[in-house]
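Comments concern the structure below.
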Protein chains: 2
Amino acid sequence: MSQDMMRGHLDGLVLAVLTGGPAHGYGLIDALRDRSGGVFDLPEGSVYPALHRLERAGLVASGWSEAAGRRRRVYSLTAAGRRAADQRRSEWRSFSAAVERVFGAGAAGAASPDAGPAVAS
Amino acid sequence: MSQDMMRGHLDGLVLAVLTGGPAHGYGLIDALRDRSGGVFDLPEGSVYPALHRLERAGLVASGWSEAAGRRRRVYSLTAAGRRAADQRRSEWRSFSAAVERVFGAGAAGAASPDAGPAVAS
DNA sequence: TCCCTAAGCCTAGGCTTTCTAGGTATGAGC
DNA sequence: GCTCATACCTAGAAAGCCTAGGCTTAGGGA
């Protein structure tokens, strides 16, 4: 898997996880790994900056909590964040459907030898 | 649509179009716009560098042709390019399925108020 | 006691890729 | 002659993710 397929999708994925409830950074990495079936194993250097970016944008809010002697910064969605999560999901569906059409059309073209070139003059 | 959702996917899409037959740069832009239902309307400054990158990588080969007095550089897949196209498509499927799981899980979690936080301590 | 690992947080810098914004040239239509 | 569409190209900026570190506390093993 090409690593920067994530580009432009990470924020949406983080928002999607937070839709299920508050989380802290480290746990968010675990959640993304689990829910993606091991496909997304993101380094902390990707996730923490993303969370800070989302907080600056007003889409998530954070607070400190203490658990087992360890400090944790817990992030949760704001109202704007919930709206953004919905929008990101629908943008993803549109993007994904478009990619699927391109891949599908390419394969179909290749399957019919008499169809001529993909792009007419 | 966030424009750099394309990151890391453009090469695969270009290869997919070329799977259907040779194409030149300008026509490739049209093909991507048509097949994606208008979602992908890429500027030339994205496509030409991508084609040159793919050519340097040995995945496409190019040759000049003349049509209606206009010179065209026509790109076609090499054998390695065909293999790469297959691989990109399967990487896309894996990526797409993973994203879908994350979005799906997030929505499911939000639907059950008693489920507790998304990420257990 | 000392060391290593895991859980947690963070940042600086680099790399890659895409877009913006330009440039060139030909042919067709007005 | 002018403009528009076709067709190619490039330099530089912008953005986002990853690499590679650094910090702390807790717990287990030797």
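In the text below, chain A, chain B and the rest are named by the order of the sequence lines, each starting its count at 1. Worth knowing before you read on, the calculation uses all heavy atoms, side chains too, and leaves out hydrogens, waters and symmetry mates.
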Separation of atom CE in A:Met5 from atom C1' in D:dG16, rounded to whole Å
16 Å
Just say parallel, tilted or perpendicular for the rings of B:Trp92 and B:His9, cut-offs at 30° and 60°.
perpendicular
Check the distance between C:dT26's C1' and B:Arg71's CZ and give it to me in whole angstrom.
10 Å
Have a look at B:Gly25 and say if it touches a base, only the backbone sugar-phosphate, or nothing, with a 4.0 Å heavy-atom cut-off.
sugar-phosphate
Can you tell me the distance, in whole Å, between the CD atom of B:Glu66 and the C1' atom of D:dT6?
13 Å
Within the side chain of A:Ser62, is there an N or O that forms a donor-acceptor pair under 3.5 Å with the backbone of A:Val74?
no
Check this one for me: any side-chain N or O of A:His9 less than 4.0 Å away from OP1 or OP2 of D:dG16?
no
What's the closest nucleotide to the A:Asp11 side chain, out of C:dG8, D:dC17, D:dC9?
D:dC17
Taking atom C1' of D:dA26 as reference, at what distance in whole Å does atom OH of A:Tyr26 sit?
13 Å
Starting at atom CZ of B:Arg73, determine the distance to atom P of C:dT24, rounded to an integer number of angstrom.
20 Å
Base, sugar-phosphate or nothing for B:Arg70? Non-hydrogen atoms, less than 4.0 Å.
base
Would you find a donor on one side and an acceptor on the other, under 3.5 Å apart, between the side chain of A:Thr19 and the backbone of A:Leu15?
yes
B:Arg53 side chain, from C-beta outward: closest of C:dT18, D:dC8, C:dC10:
C:dT18
Geometric class of the A:Phe40/B:Phe95 ring pair [parallel <30°, tilted 30-60°, perpendicular >60°]
perpendicular
Do A:Ser36 side-chain atoms and A:Leu32 backbone N/O form a donor-acceptor pair below 3.5 Å?
yes
If the cut-off is 4.0 Å, is A:His52 near the phosphate of C:dT11, judged by side-chain N/O to OP1 or OP2?
yes
How many whole angstroms separate atom CZ of B:Arg33 from atom P of D:dA5?
12 Å
When you check the phosphate oxygens OP1 and OP2 of C:dC9, does a side-chain N or O of A:Tyr48 lie under 4.0 Å from one of them?
yes
Answer yes when B:Arg33 and B:Asp30 have at least one side-chain N-carboxylate O distance shorter than 4.0 Å, and no when they do not.
yes
In this structure, how many angstroms lie between the P atom of D:dT25 and the CZ atom of A:Arg72, rounded?
16 Å
Specify the separation, in whole Å, of atom CG of A:Leu10 and atom P of D:dA15.
17 Å
Find every protein N or O atom lying less than 3.5 Å from an N or O atom of nucleotides 2-4 of chain D, and list the pairs.
none

A:Arg7 (side chain) and D:dG16 (base): donor-acceptor pair under 3.5 Å
yes
Quick test of your reading of the model: are A:Asp86 and A:Arg89 salt-bridged, counting only N-O distances below 4.0 Å?
yes
